[in-house]
Amino acid sequence: MGSRGERNGIKMTEIHGPVRVRFAPSPTGFLHLGGVRTAIYNDLLRQKMGGAFILRIEDTDKERSDEAMTRQIQAALSWIGVHWDEGPFLQSERLPLHRERAEELLAAGKAYRCFCTQEELEAQRAEMQAKGSAFQYPRTCLGLSREDIDARVAEGRPFVVRFQMPDDHIRFHDMVRGDMDFPPDALDDFVLLRSDGSPTYHMSVVVDDIDMKVTHVIRGEDHLSNTPKHIPLFLALGGEVPTFGHLPLILGPDKKRLSKRYGATSVEEFRNEGILPHALYNFMALLGWSPGDDREIMERDEMIQAFSVDRLNASAAVFDREKLLWMNTQYMLKTETAELRPHLEPFLEQAGLQDVDPDRLAAALELHRPRAKTLKELAEQVVPYFQELPGYDPAACAKFLKDPAVPELLETLRDRYTALPELTKEALEAGLRALSEEKGVKAGVLIHPTRMALSGAAGGPPLFDLVETMGKEVMERRMTRFVAFLREAAGAGQG
RNA sequence: GUCCCCAUCGUCUAGAGGCCUAGGACACUGCCCUUUCAAGGCGGCGACGCGGGUUCGAAUCCCGCUGGGGAUACCA
């Protein structure tokens, strides 16, 4: 190995000029992580090469498809920043075309009617399984004479239409896995039209991909074994065979297929947890792809620039929510508060902060944005500026209780602060430091209980910023209340 | 069962036969910065699944094993 044009023994895929890619989810649930990642790679390829991103909703399974889900999927894609140039096309509306094309194959002798019943097939399948070999449709009905067929049709016997697979190896170059080779005994004559005349998935995708002039198909690994079926079908229908790339699955921490039991698996859930769309996009893009250097936090344009299908990984990746949270923190840190606001609004509302003094809110958000992992957390951190404190962190209060001087110190500080003409950071700090010097105590002895009094928490933004933002009235009230709390706790402790 | 795919720290990854004493990131952890928290800086812990080849030399190429995953529908 090592010749140019190869990477890990996989021949590089050359892509020239504009591409036509598609994302074709079935609306049987919310858009899940595997789905977004597929959409993201299609998006990156499309943005990089130019061309079109086609959104096609594969809603042919009416039993499981839901119109609301179709809207959800679009909303999720828009939210995360994947935009489509064409569509959404509903596959269910295209069924007559698919059927028509299948009938053409039948007429052309490239497909045939099969009258075998499901029971018969089931029995054959069981028999083959018992013998330890793979089941292939034994082509019972391929040899049927014209008369036999006509007679059975006339009888009204139900039939499916099967595609006659070629007896050759099917070879193709997979963008992520390299050269694939499927021997003829691995494939069988699959069904194109069901006995009710409806086209199967295989028929629909291939017709649609031809019709929509799709050039590159990036999809999940679960389709890898469908591809050798689809390729001869493309050919039989006279279509251009697109270039395929099959993405590995995303796994849960147990290395099994990602499932609900490990928390959120849909885009909506991450949105509701306060994850920023760009962070999720960035994170998912890196789950199975890397720019080849050490960059991790990347702007979308930067990812587009660096994107190459040759750098798509063939091995499955475990989804790590801790790292997503870290990445989201990075985005919280670097995104201006003003830019964050639209995303933050629903969380503020949820926290009951919709009708609050806007200047104070803005100041509080500015203070807490660099300390929050998620939008939801940010909204929650800002609540104490506007609503009464539910209580004080008991573990963190323990040390203030030990120092009997604290209540009086806090009262003095409160009075001096109240006397200030204006609560500015500078004045607040000068006042506190002067008091600490006067009383011969370290500044921390005043700072920590004051923070606890005002915010109820042991951590948070620098104290003087906190006080300035809360304002005199809140400061006064909370200092008084905390002093009372300390005295009561001390009294209870002694008696 | 059969077919197919995959295999580097716990996790995401870099690695294109000598640049590898295997690099980066998350997590964990020590120190620093600091009024606290967060962020940040500097360290630490920590991996080429196993066995055979090929080669002067293998994480890298080949074979086997093991492990994991997918597919085996008139579902998509």
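Proteins come first, then strands; the chains are lettered A, B, ... in the order of their sequence lines, and each starts at number 1.
Between A:Ile250 atom CD1 and B:rC6 atom P the separation is 18 Å, expressed in whole Å. What separates CE of A:Met327 from P of B:rU13 is a distance of 12 Å, to the nearest Å. We find that CZ of A:Phe283 is positioned 12 Å from P of B:rC26, with the value rounded to whole Å. One can place CG of A:Asp185 at 12 Å from C1' of B:rC4, the figure rounded to the nearest angstrom. The distance between atom CG of A:Leu432 and atom C1' of B:rU36, rounded to the nearest whole Å, is 13 Å.
The ring of A:Trp84 has its center no closer than 6.0 angstrom to the ring center of A:Phe23. For A:Tyr385 and A:His368, the ring centers are positioned less than 6.0 Å apart.
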Base, backbone or nothing for each nucleotide of nucleotides 64-72 of chain B, written B, S, -, heavy atoms under 4.0 angstrom, 5' to 3'? ----SSSS-
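Considering A:Phe270, A:Trp326, A:Trp289, A:Phe319 as possible partners of A:Phe283, the one that fulfils the ring pair (Phe, Tyr, Trp, His ring centres under 6.0 Å) test is A:Phe319.
Under a 4.0 Å N-O distance rule, the pair A:Arg152/A:Glu155 does not qualify as a salt bridge. We find that A:Arg22 and A:Glu58 are not joined by a salt bridge, their nearest charged nitrogen and carboxylate oxygen being 4.0 Å or further apart.
At a threshold of 4.0 angstrom between heavy atoms, the contacts of A:Ala317 are confined to the sugar-phosphate backbone, with no base atom among them. Using a 4.0 Å heavy-atom cutoff across all strands shown, A:Glu58 reaches sugar-phosphate atoms only and no base atom. Here A:Phe464 lies in heavy-atom contact (under 4.0 Å) with a base. Looking at heavy-atom distances under 4.0 Å, A:Ser26 makes contact with sugar-phosphate atoms alone, never a base. As judged by a 4.0 angstrom heavy-atom cut-off over every strand, A:Gln129 is placed among the base-contacting residues.
Taking a pair to require two hydrogen-bonding distances under 3.5 Å in either a Watson-Crick or a G-U wobble arrangement, B:rC28 pairs with B:rG44. With a cut-off of 3.5 Å on both Watson-Crick or G-U wobble distances, the partner of B:rC65 is given as B:rG49.
Straight-line distance between the C1' atoms of B:rC31 and B:rU13: roughly 28 Å, to the nearest whole Å. With both ends at atom C1', the span from B:rU8 to B:rA59 equals 7 Å, rounded to whole Å. For the P atoms, the distance linking B:rC65 with B:rA27 amounts to 40 Å, nearest Å.
In terms of modelled atom types and a separation under 3.5 Å, the side chain of A:Arg56 and the main chain of A:Phe89 share no donor-acceptor contact.
The salt bridge (Lys or Arg N to Asp or Glu O under 4.0 Å) check on A:Arg162 picks up nothing, with sequence neighbours excluded.
In this structure, the separation between CE on A:Met203 and CG on A:Leu192 is 5.0 Å, given to the nearest 0.5 Å.
Between A:Arg311 and the phosphate of B:rG15, there is a side-chain N or O to OP1/OP2 separation shorter than 4.0 Å.
At a cut-off of 3.5 angstrom, counting only N and O atoms as typed in the model, there is a donor on one side and an acceptor on the other between the side-chain of A:Arg371 and the base of B:rC37. Residue-to-nucleotide contacts include no donor-acceptor pair under 3.5 Å from the side chain of A:Lys373 to the base of B:rA38.
The residue among A:Trp289 and A:Asp465 whose nearest nucleotide of RNA chain B lies closer to the 5′ end is A:Trp289.
Listed nucleotides B:rA27, B:rC5, B:rC74 differ in distance to A:Trp326; the shortest reach to its side chain belongs to B:rA27. Taking every side-chain heavy atom of A:Ile447 into account, B:rU35 is the closest of B:rG10, B:rC5, B:rU35.
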